[in-house]
Amino acid sequence: MGQSANERRVKDNEAMAMAKYLRTSPQKLNLVCQTIRGKDAGKALIDLEFNHRRIAQDVRKVLQSAIANAENNHNLDVDRLFVSEAFIGKSITMKRFRPRARGRAAKILKPFSRLTVIVREREDEAKSKKKVDVTKTPAKKAPAKKTTAQESEKKTEAKAEAKTETAKKKAPAKKAAAKKAPAKKTTAAKKSPATKKDK
């Protein structure tokens, strides 16, 4: 009777590598890991190679190990790998002391860190487009367009009817104004001879 195998801790398109006793504080290690999160694996390796922090070389080794696990153990495509997660944990802490004035001692803590890097394979763009196309429902959108077209036709018809009604209402008023205008002229003509006679 053997011990049962551990369950896989990551997904099928992921690979993981871990380093347990890195000689640096978690805060300093996190500053380096922030520079590679979400980047392609190749670009992350280049960034770590030219990083000036001492611990960057250890992070680079862990990333290389994760890429090798992805290629050899899980048959993933190396060209499509990117750093999906890089998280840090605390490890042991060495305690040291230093003599100080008046016979006292000062405590010095030397922390160690744990690093876990997970690389993931990117999905093909064609596959992602197909998934998006499947989720779309063009049959539901077509009636919505027809209803908007029908509404626009109704609005234009209503506007045309309103214009004809206003034109009909305004037409009698114009005729009445035309009839009144000659009447004013005749009164003016009658008044002018009278004024001449008075003079």
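On a predicted model such as this, the values are computed, not experimentally measured, just so you know.
A 4.5 Å side-chain heavy-atom check between Lys95 and Leu109 finds at least one atom pair inside the cut-off. Between Ile55 and Lys28, the closest side-chain pair of non-hydrogen atoms is not below 4.5 Å. Within the 4.5 Å cutoff, the side chain of Val10 has no heavy atoms near those of the Arg120 side chain.
Residues Leu63 and Ile118 fall into different hydrophobic clusters, defined by Ile, Leu, Val, Met, Phe, Trp and Tyr side chains chained together at heavy-atom separations under 4.5 Å. Hydrophobic cluster membership differs between Phe87 and Val83, with clusters built from Ile, Leu, Val, Met, Phe, Trp and Tyr side chains linked at under 4.5 angstrom.
Residue pairs meeting the salt bridge (Lys or Arg N to Asp or Glu O under 4.0 Å) criterion with at least one partner in residues 30-49, sequence neighbours excluded, are Lys39-Asp47, Asp40-Arg122, Lys43-Asp47, Glu49-Arg60.
When each of Leu48, Leu45, Asn51 is tested with Ile36 by the rule side-chain contact (heavy atoms from CB on, under 4.5 Å), just one qualifies, namely Leu48. Of the options Val62, Thr116, Val117, Leu115, a side-chain contact (heavy atoms from CB on, under 4.5 Å) to Met18 is made by Thr116 and by none of the others.
For the pair Arg114 and Tyr21, the cation-pi test (distance below 6.0 Å, angle within 45°) is failed.
Between Ile88 and Ala86, the shortest heavy-atom distance links the atoms CD1-O, 4.2 Å. The shortest non-hydrogen separation linking Ala15 to His74 is CB-CD2, 3.7 Å. Taking every heavy atom of both residues into account, Ser25 and Ser113 meet most closely at C-OG, 3.2 Å. Residues Val119 and Ala66 approach most closely at CG2-O, 3.8 Å, considering heavy atoms. Nearest heavy-atom pair, Glu121 versus Arg80, reported as atom, atom and distance to 0.1 Å: OE2-NH2, 2.7 Å.
The line from CG of Leu29 to CD of Gln34 is 10.5 Å long, rounded to the nearest 0.5 Å. How far NZ of Lys107 is from CZ of Arg100: 14.0 Å, rounded to the nearest 0.5 Å. The distance from atom CG of Asn72 to atom CD1 of Ile67, rounded to the nearest 0.5 Å, is 11.5 Å. Note that the CZ atom of Phe112 and the OG1 atom of Thr24 stand 10.0 Å from one another [nearest 0.5 Å]. With rounding to the nearest 0.5 Å, the separation of CE in Met94 from CZ in Arg23 is 5.0 Å.
The number of heavy atoms from other shown groups lying within 6.0 Å of CZ (Arg8) is above 12.
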Take Leu81 and Glu71 through the side chain to side chain contact (heavy atoms under 4.5 Å, CB included) test and state the conclusion after the steps. CA-CA 10 Å; Leu81 291 178; Glu71 183 179 8; over 6 Å; no
